[in-house]
Protein chains: 2
Amino acid sequence: MITSHNGPQPADFTDVRATNLAVVLRFVRENAPCSRADIAASTGLNKATVSSLVADLIDRRLLRETGLTEHRVGRPATMLVLDGSPYAAIGIEINVDYITAVAVDLKGEELLNWRRSFPGGTSGPGQAVVAMAALARRVVSRMTKEARQVLGLTVAVPGLVDVDGIVRVAPNLGWRDADLAGDLTKALRDPGFPVLVDNDANLAALAEHRFGPHRNAANLVYVTGEMGVGAGIVLDGRLRRGGQGYSGEIGHLELDPAGPVCRCGRRGCLEAVAGVGAILAHTAPDASPSDLELEIDEVVRRARNDDREVLALLENLGRHLGRGMAAVANLLNPEVVILGGYYVPLAPWLVGCAEEEMYGRVLAPGGGGCRLEVSTLGYGAAALGAAARVLDSVDSGRLPAQR
Amino acid sequence: MITSHNGPQPADFTDVRATNLAVVLRFVRENAPCSRADIAASTGLNKATVSSLVADLIDRRLLRETGLTEHRVGRPATMLVLDGSPYAAIGIEINVDYITAVAVDLKGEELLNWRRSFPGGTSGPGQAVVAMAALARRVVSRMTKEARQVLGLTVAVPGLVDVDGIVRVAPNLGWRDADLAGDLTKALRDPGFPVLVDNDANLAALAEHRFGPHRNAANLVYVTGEMGVGAGIVLDGRLRRGGQGYSGEIGHLELDPAGPVCRCGRRGCLEAVAGVGAILAHTAPDASPSDLELEIDEVVRRARNDDREVLALLENLGRHLGRGMAAVANLLNPEVVILGGYYVPLAPWLVGCAEEEMYGRVLAPGGGGCRLEVSTLGYGAAALGAAARVLDSVDSGRLPAQR
DNA sequence: GCTATTTGTTTGGCTATGGAACTAACTAAA
DNA sequence: TTTAGTTAGTTCCATAGCCAAACAAATAGC
């Protein structure tokens with residue numbers, strides 16, 4: 001595919017072909033089932049060209065013909081759909097206490113979703129690589145058994161991942177400067193597919209952009225509330241990682257210089273006043289990070305029972321969150337900000353006040369058209385996004401070889 | 001040029017040609033003088049292709065052959081340079097008290113830089129359109145007299161400009177929902193070149209990206225300190241405008257809920273604590289907006305004379321500014337944040353403490369590689385960027401017709 | 001003057017698009 | 001049942017524009 005954004009990148013015919021193959025593939029993904037004639041009419045490509053492109057994609061087993069249309073004037077059309085069966089994309093998410101693996105087919109249909117508990121907190125990625133490699137091998141072998149070719153594997157890490165895929169800092173895992181992609185590739189011994197690493201919020205944003213209800217939005221921000229708070233930024237239809245890959249670090253956006261002390265040492269960081277930790281500090285002051293999910297469940301239970309203290313804490317959190325999101329909305333003007341992670345179960349008590357604060361602070365007329373929404377993708381968003389990362393590279397022209 | 005970022009956009013041969021023409025043009029812009037052989041070697045295009053492309057560009061009078069190299073083994077090379085003479089791009093910047101017009105040639109050489117005082121503050125863009133049209137006509141006629149073809153005109157406006165070029169709100173000008181591009185096109189009566197409108201900070205960012213000392217940075221943020229504070233965001237080599245075109249509104253980033261009241265009604269906005277108005281409120285409480293420049297000169301004078309009060313105010317402003325820039329750096333991870341507008345003359349007293357605050361707050365290792373710098377483009381940055389906007393569309397493949 | 005070297009052009013082959021004509025397969029109506 | 005009309009998809013050909021290789025041109029150095 002012809003990439004226009006970074007300097008002199010000459011184009012030739014193979015680029016045209018790749019671009020048009022990707023155009024057809026994406027069109028079918030979004031409009032399946034559809035006919036060759038539909039594709040030609042909607043994309044502007046010539047009928048003959050579409051036929052040639054479709055034949056190519058069928059050869060590569062990316063598309064498949066289904067039945068014909070009936071009971072219409074004129075020759076019935078041969079309908080085309082994405083062929084889900086021959087390929088798989090794998091996404092793995094690692095966190096303090098668990099590893100999640102998902103596999104999806106070309107359509108994005110989830111093929112499997114495995115979660116393994118994982119005793120994190122060790123002093124390096126060594127054990128994690130072993131555990132991830134083991135899990136990945138089992139996923140790959142399952143996919144192979146289903147006669148699927150694995151297109152790629154991406155790992156979502158809660159930390160700073162630089163442009164080369166090196167994990168620079170992952171505070172909750174205790175990692176620094178870990179070449180996870182390299183180590184994992186080695187552990188998998190020539191896996192035959194690319195292994196990538198990226199930040200979890202970035203990948204969750206990608207998942208929303210591809211699979212979420214706001215998949216039409218070319219500009220969206222995904223904000224994840226775990227122990228920390230991170231964001232993934234999609235602008236003009238692509239993930240924006242910044243100069244070194246460290247974009248989206250909003251956890252230490254300073255909201256109130258007189259606020260509570262954050263674990264980073266300063267006061268009033270978004271994370272300290274609007275992270276889920278800000279609530280747990282009151283309701284379960286000595287919970288360990290690995291009990292996070294249970295503690296949140298407890299908060300939800302108390303909120304459901306109209307526990308005054310918890311409701312007040314949640315409202316306070318929501319207001320601070322709304323202020324943070326206003327900053328994001330003013331700076332980036334996305335169509336939507338999507339709350340994920342532990343913000344999801346807490347959303348019923350957060351979103352109202354967060355919205356109120358946010359809309360009141362966005363300068364652009366009509367709030368700049370920016371809505372605040374809650375993720376519907378569940379906890380596995382980052383893992384799903386990791387798989388989506390693989391599909392993205394297919395969609396942008398890196399098709400699997402013919403035959 | 002083949003744009004890959006927004007949905008199905010099929011490609012054909014003319015796209016390949018346009019892409020490669022743009023590749024050659026950009027290469028020559030950055031490496032002139034150079035030979036056809038250089039271009040082929042560096043871009044990877046075939047020598048024959050380069051010859052054909054260069055011939056085309058010479059036909060369109062975008063390139064010109066200069067002398068030959070001498071005293072080298074082998075056949076001497078015909079050197080190529082951008083042909084500055086036959087074209088011009090016009091940028092106009094409108095502000096409360098003045099209108100600036102600049103014209104540049106293809107190389108970006110400034111052909112003229114006119115500044116007219118303009119009694120703003122009226123209740124609509126009508127007078128401004130008349131004044132701008134008059135100025136534009138004079139610039140155009142000067143360009144025509146120099147036998148230059150005008151490639152386009154862009155207007156920089158201090159306000160929110162939506163994706164269609166409508167000025168939604170321009171507080172200092174008192175405008176709302178003004179179709180400036182349309183009105184100006186009408187006033188110029190079929191000018192024969194495109195007329196565009198964009199936000200001033202966006203365009204200044206573009207100027208930095210093309211002409212500034214950090215022109216290599218694919219990710220940069222330009223922050224302008226006028227009465228308000230605005231930002232222009234370049235990520236992955238292109239201006240990012242957000243969903244509706246309202247990105248970069250950092251003026252009302254809330255830094256301190258207990259801070260001074262902002263003109264927006266809330267407290268502690270970046271604009272209220274780190275806008276130049278925050279100083280003038282103390283040093284010249286009843287200055288009119290149109291005296292801004294004089295008042296800033298006075299502040300600079302007092303700072304040079306070690307006026308304690310002013311130095312303290314500047315340090316305070318710098319610290320707040322640094323905190324705001326830390327938010328930007330954490331969220332976007334640009335290679336550089338460039339301070340412009342009235343921050344430039346005040347920079348000697350601001351940058352030190354702003355940097356200190358910023359670097360201390362950026363989470364990524366090594367500050368994420370993000371530097372804080374001061375614009376060297378002067379007051380006309382937005383007007384220059386407006387002209388650069390025109391050149392950008394040429395560079396991305398919209399070449400003037402042959403002959 | 002001869003050779004080596006480098007530049008730029010010419011020629012031919014190849015790929016992939018677009019347009020037009022054509023075949024295919026159906027519905028609807030006479 | 002035949003015929004006209006409609007839509008789908010293929011075939012054939014012209015064209016654009018890339019690449020590779022051969023070639024012509026112009027120099028330095030011996």
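Every chain is numbered from 1, with letters handed out A, B, ... down the list of sequences. Please read these numbers as outputs of a predicted model, since none were measured by experiment.
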Checklist entry - Where is the tightest heavy-atom contact between A:L151 and A:V394, given as atom of each residue plus distance? => result CD1-CG2, 3.9 Å
Checklist outcome for this item: What one should report as the nearest heavy-atom pair of A:L111 and A:V104 is CD1-C, 3.6 Å
Checklist entry - In whole Å, what is the span from the CZ atom of B:F13 to the P atom of D:dA14? => result 16 Å
Item to check | Contacts of B:R148 that satisfy salt bridge (Lys or Arg N to Asp or Glu O under 4.0 Å) - sequence neighbours left out | outcome: B:E146
Item to check | Atom-to-atom span, CG of A:L45 to C1' of C:dG19 - whole angstrom | outcome: 14 Å
Next on the checklist: Run the ring pair (Phe, Tyr, Trp, His ring centres under 6.0 Å) test against A:F211 and tell me which residues pass, sequence neighbours left out.
Outcome noted: none
Next on the checklist: B:E65: which residues meet the salt bridge (Lys or Arg N to Asp or Glu O under 4.0 Å) condition with it, sequence neighbours left out?
Outcome noted: B:R36
Checklist entry - Would you call B:R238 and B:D392 a salt bridge, taking side-chain N to carboxylate O under 4.0 Å as the test? => result no
Checklist entry - In terms of heavy-atom contacts, does CZ of A:R398 have more than 12 from other residues, nucleotides or ligands at under 6.0 Å? => result no
Item to check | A:L53 CG to D:dT10 C1', straight-line distance once rounded to whole Å | outcome: 14 Å
Item to check | Whole-Å gap separating P (D:dG9) and CD1 (A:I39) | outcome: 9 Å
Checklist entry - Whole-Å distance between D:dA16 C1' and A:R17 CZ? => result 16 Å
Checklist entry - Are the side chain of A:N333 and the backbone N or O of B:G245 linked by a donor-acceptor pair below 3.5 Å? => result yes
Item to check | Partner set under salt bridge (Lys or Arg N to Asp or Glu O under 4.0 Å) for A:D162, not counting sequence neighbours | outcome: A:R168
Item to check | Atom-to-atom span, CG of A:D15 to P of D:dG17 - whole angstrom | outcome: 15 Å
Next on the checklist: On the nucleotide D:dG17, are OP1 or OP2 found under 4.0 Å from the side-chain N or O atoms that B:N20 carries?
Outcome noted: no
Next on the checklist: Output one letter per nucleotide in nucleotides 5-10 of chain C: B when a protein non-hydrogen atom lies under 4.0 Å from the base, S when only the sugar-phosphate is that close, - when neither is.
Outcome noted: BBBBBB
Next on the checklist: What is the distance, to the nearest angstrom, from the CG atom on A:D12 to the C1' atom on D:dG17?
Outcome noted: 10 Å
Checklist entry - What bend angle does the helix from C:dG1-D:dC30 to C:dA30-D:dT1 show across its length, from five-pair end axes and to the nearest 10 degrees? => result 20°
Checklist entry - Should A:T49 be listed as having a side-chain N or O under 4.0 Å from OP1 or OP2 of C:dA16? => result no
